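Every chain is numbered from 1 and lettered A, B, ... according to where its sequence line falls, protein lines coming before strand lines. Quick caveat: nothing in here was measured; it's all calculated off a predicted structure.
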Amino acid sequence: MQDNKLDLSGLERITPRADSWNKVCARLDVEKHLEKSKAMGAGNILQFRMSAAIPLAASFIFICLYLVMTASGQSSSNVSMNSVVSTELSSWYDNLGEADSDDYEILDNTTTISYLMKE
Amino acid sequence: MSFKPADHIILKRIKEGSREALALLWQAHSANVLNLAFRMMKDRDQAEDILMDVFVLVPKAVKGFRGESALSTWLYRLTVNACLMKLRAQKRHHELEEEKFDTIIEEAFGKSDVQSDIGFDPQLLTLGMNELPAETRSMLWLKDAEDLSVNDLAEIYSMPEGTIKARLSRARNFMRNFLKERIYARQQA
């Protein structure tokens, strides 16, 4: 292999330009600065996210509470209506017009009696 | 090429972020990196760009370097990869440029009055080298001009030694035939 070698010594050998190293240093400095600002930017975004999460969570809790309250309010009014409407009253409504003597007679009688008592 | 104790210290210091250690690496290897890039890119400005790209990359890339090969071998590998990436990116443009460049050299060469020992004429050697693919050209440069071993080349190009030997052999045959043909043509003229 060694004997087969081509003599390339005649080919031009170049050396780095005088300012190349300074350019490398400048590029490294820029990269370092960019990395730093990127890290700081990421920190800010993280901070922003954290601070945004608090009102977001509060809003969510508020909405949840509102929904729960609304739902419970609706169900409680239904319950109260059912409890208020007594069976006696509902049967009175059901029997309206079906009885032989209507309630006006009774009303009339009692009114008459009370009037007479006063007299 | 084995890992030297000095390499180990430089490597450690670069990993710690030392600019001085990087400067030492620059002093020791920048010329070799530049010449390899110049052989591959065939352009001084682009070779300088590659040299700077490689040394800007070193502080980051060194974190993944395990020190199994010599620093110089590792630097050559970075250089070859950087050159191949750049060449691939500008392949079409580059091929056109290559044709133009060869024509210009050929025309100039035909008109000039060069020495009789054409075999060692740098222009002719450059012309012959430029006919080779960039990767093979760099292999030939590292082996015959920089005296790297086939083992080192196998590491740099991530290829079996047999492949490297075969490629080198083909490249040398091509170069010899190219030079012979040119010399013959010159003598006939």
Side-chain angles (χ1 to χ4, degrees), chain A residues 1-69 71, chain B residues 17 19 22-23 25-27 29-39 44-45 47-49 51-60 115 117-126 128-129 137 140-147 149-150 161 164-165 168-169 171-176 178-179:
Chain A
M1 189 64 92
Q2 203 72 9
D3 297 333
N4 280 337
K5 256 186 162 183
L6 283 175
D7 183 8
L8 301 178
S9 58
L11 288 178
E12 182 194 8
R13 289 189 79 95
I14 52 174
T15 49
R17 287 183 185 133
D19 60 342
S20 292
W21 171 244
N22 290 336
K23 282 182 184 171
V24 169
C25 289
R27 275 176 63 179
L28 284 169
D29 289 340
V30 168
E31 278 203 0
K32 211 173 183 179
H33 179 74
L34 279 175
E35 268 176 30
K36 223 178 208 177
S37 55
K38 208 174 171 183
M40 279 176 69
N44 286 342
I45 288 169
L46 203 70
Q47 270 184 346
F48 171 75
R49 277 182 186 168
M50 285 292 284
S51 56
I54 295 163
L56 199 72
S59 309
F60 181 73
I61 290 167
F62 177 76
I63 290 165
C64 286
L65 276 172
Y66 174 76
L67 287 172
V68 167
M69 292 283 278
Chain B
R19 189 65 62 85
L22 193 66
L25 194 72
W26 174 273
Q27 277 173 6
H29 300 289
S30 60
N32 294 334
V33 167
L34 179 69
N35 278 287
L36 173 62
F38 182 54
R39 288 298 144 214
R44 168 84 202 223
D45 291 333
E48 287 278 353
D49 286 345
L51 170 68
M52 288 188 277
D53 288 349
V54 166
F55 274 85
V56 167
L57 186 71
V58 163
K60 272 185 197 166
Q115 76 243 30
D117 188 12
I118 264 166
F120 297 102
D121 176 11
Q123 266 191 331
L124 198 54
L125 271 173
T126 307
M129 290 277 280
R137 191 163 61 235
L140 193 62
W141 173 259
L142 288 177
K143 183 75 187 76
D144 291 357
E146 301 282 10
D147 269 332
S149 68
V150 174
E161 287 186 19
I164 299 280
K165 282 179 187 170
L168 283 172
S169 173
R172 286 180 184 129
N173 280 338
F174 169 82
M175 284 294 287
R176 290 204 172 90
F178 180 87
L179 293 172

Item to complete: Against chain A, work out which of W141(B), W26(B), F38(B), F55(B) has the most heavy-atom pairs shorter than 4.5 Å and name it.
Response: W26(B)
Worksheet, complete the sentence: chain B shares the most heavy-atom pairs under 4.5 Å, among L28(A), L8(A), I14(A), with I14(A)
Discussion item. Donor-acceptor pair, distance only, cut-off 3.5 Å: does the side chain of D144(B) make one with the backbone of L6(A)?
Written reply: yes
Fill in: Pairwise side-chain contact, K143(B) with I164(B), heavy-atom cut-off 4.5 Å (strictly under)
no
Worksheet item: Counting N and O atoms only, with roles assigned by atom type, does the side chain of R39(B) sit under 3.5 Å from a partner on the main chain of R137(B), one being a donor and the other an acceptor?
Response: no
Practice prompt. State whether K60(B) and E31(A) are salt-bridged, where the test is any N-O pair (Lys NZ or Arg NE/NH1/NH2 against Asp/Glu carboxylate O) under 4.0 Å.
Written response: yes
Worksheet item: Which one of G17(B), A171(B), A31(B) has the most heavy-atom pairs closer than 4.5 Å to chain A?
Response: A31(B)
Fill in: Best-contacting candidate, R17(A), R27(A), K32(A), against chain B by heavy atom pairs under 4.5 angstrom
R17(A)
Fill in: Heavy-atom proximity to chain A below 4.5 Å, by part of N173(B)
neither
Discussion item. Quick check for you: among R44(B), M52(B), M175(B), which has the greatest number of heavy-atom pairs under 4.5 Å with chain A?
Written reply: R44(B)
Response to the item:
S30(B) and L51(B) have their tightest heavy-atom pair at O-CD1, 3.4 Å
Worksheet item: Using non-hydrogen atoms only, which part of N22(A) is less than 4.5 Å away from chain B: side chain, backbone, both, or neither?
Response: neither
Worksheet item: Are D49(B) and K23(A) close enough for a salt bridge, meaning some N to O gap below 4.0 Å?
Response: no
